[in-house]
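Written below as C-alpha cells is the structure these notes are about.
Numbers for residues simply follow the sequence, beginning at 1. Computed from a predicted structure; not experimentally measured.
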Amino acid sequence: MNKKVRDELFQKLYDQTYTGLRRFVQYRSRSLHMADDILQEVYLEMFRHIDELAVHQNQIGWVYKTAEFKIMKLNEVYDRNVSRELGNQDFTEPLTDDDTEGIIQLDEYRGILKEDELALVMKRYIEGYSYKEIGQMTGNTESGSKMKIMRLITKLRKNIRDNVILMISFVISFF
C-alpha cells in the first residue's frame, strides 16, 4: 500500500473515531489527565499497524479494543503509583477496571443487529452519547432514541438468551 493510501485511511479512521474515542477514554481512565496520553498511544499504534488495519474487517472495533488495552495498562501504572504514594510498598496486584469487562463484543452482536442499529448501541454505551444527542444525530426525539435503543438491547438479550439455551440443550443432549 502506498503512502498516500495509508495516510488517507489513517485520516479517515481518525476522523471517524476521535470524538467517540475521546469520550470512551475519559470515561474509563482513572485520571482525566491521562486521556490525551492514551489517545496519542492509540493513534500511534493505529499508525504503526495501518497496513494490517487496511484489511481488518472491523477497523473501528480494533481502534476501541486497542484503546481498552492502553487504558488498562495505564490504569495499572496509575494504581501502582497511587498505592506507593499512600505507603503500600507491597502492592503487587493491579486494581481491575470492572467497566472494561462490560465492553460490547462487536463480532458477537454483528450477526444480531444491523450495522446502523449496532452504531446506535455503540454511540450510547461505548462512546457515551446521551439519548438527546443521539436523537439530534438521527433526527428523533430524546424519548424516541431511548425507546429505539431499549428495543435493540431487548433484541440482543433475547437472541443471546436463546443462543445460551440452545447451547445448554446441546450439551445436555450428550449426557
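- Going from atom CG of Leu21 over to atom CG of Leu13 covers 11.0 Å, rounded to the nearest 0.5 Å.
- For the side chain to side chain contact (heavy atoms under 4.5 Å, CB included) test, residues two or more places apart in sequence or in another chain that qualify with Arg23 are Tyr129, Glu133.
- Between Val63 and Met46 there is a side-chain heavy-atom pair separated by less than 4.5 Å.
- Qualifying salt bridge (Lys or Arg N to Asp or Glu O under 4.0 Å) partners for Lys155, counting only residues two or more places apart in sequence or in other chains: Glu117.
- In this structure, CG in Asp116 is found 10.5 Å from OG1 in Thr138, a value given to the nearest 0.5 Å.
- The CD1 atom of Ile71 lies 12.0 Å from the CG atom of Asp37; values are rounded to the nearest 0.5 Å.
- In this structure, Ser145 and Gly135 approach most closely via the heavy-atom pair OG-CA, 2.9 Å.
- By the side chain to side chain contact (heavy atoms under 4.5 Å, CB included) test, Ala54 pairs with Met1, Leu9, sequence neighbours left out.
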task = Apply the test side chain to side chain contact (heavy atoms under 4.5 Å, CB included) to residues Thr17 and Tyr43: give CA-CA distance (whole Å), side-chain angles for both, the deciding distance (0.1 Å), then the verdict.
result = CA-CA 10 Å; Thr17 60; Tyr43 288 118; 2.9 Å; yes
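- Heavy atoms only, all atoms of each residue included: Phe24 and Glu68 are closest at CE2-N, 4.1 Å.
- Counted within 6.0 Å of CD on Gln40, heavy atoms from surrounding residues, nucleotides or ligands total 12 or fewer; the atom is thus considered open.
- Taking the side chain to side chain contact (heavy atoms under 4.5 Å, CB included) definition, one finds that Arg22 meets it with Tyr18, Gln26, Asp36, Leu39, sequence neighbours left out.
- In this structure the side chain of Lys146 never reaches within 4.5 angstrom of the side chain of Ile134, judged on heavy atoms.
- Between the CE atom in Met150 and the OG atom in Ser143 there is a gap of 12.5 Å [rounded to 0.5 Å].
- Once rounded to the nearest 0.5 Å, the distance linking CZ of Phe47 with CG of Leu53 reads 12.5 Å.
- Here Asp7 pairs with Lys3 under the salt bridge (Lys or Arg N to Asp or Glu O under 4.0 Å) rule; sequence neighbours left out.
- By the criterion of side-chain heavy atoms lying less than 4.5 angstrom apart, applied directly or through intervening Ile, Leu, Val, Met, Phe, Trp or Tyr residues, Leu113 is not grouped with Met147; the two fall into different hydrophobic clusters.
- A donor atom on one side chain and an acceptor atom on the other are not found under 3.5 Å apart for Gln59 and His56.
- Of all heavy-atom pairs spanning Glu142 and Lys132, the tightest one is CG-N, 3.7 Å.
- By the criterion of side-chain heavy atoms lying less than 4.5 angstrom apart, applied directly or through intervening Ile, Leu, Val, Met, Phe, Trp or Tyr residues, Leu44 is not grouped with Trp62; the two fall into different hydrophobic clusters.
- A distance of 5.0 Å separates CD in Gln16 from NZ in Lys12, rounded to the nearest 0.5 Å.
- Residues Ile38 and Ala67 approach most closely at CG2-O, 4.5 Å, considering heavy atoms.
- By the salt bridge (Lys or Arg N to Asp or Glu O under 4.0 Å) test, Lys70 is found to be paired with Glu41, Glu45, residues two or more places apart in sequence or in another chain being considered.
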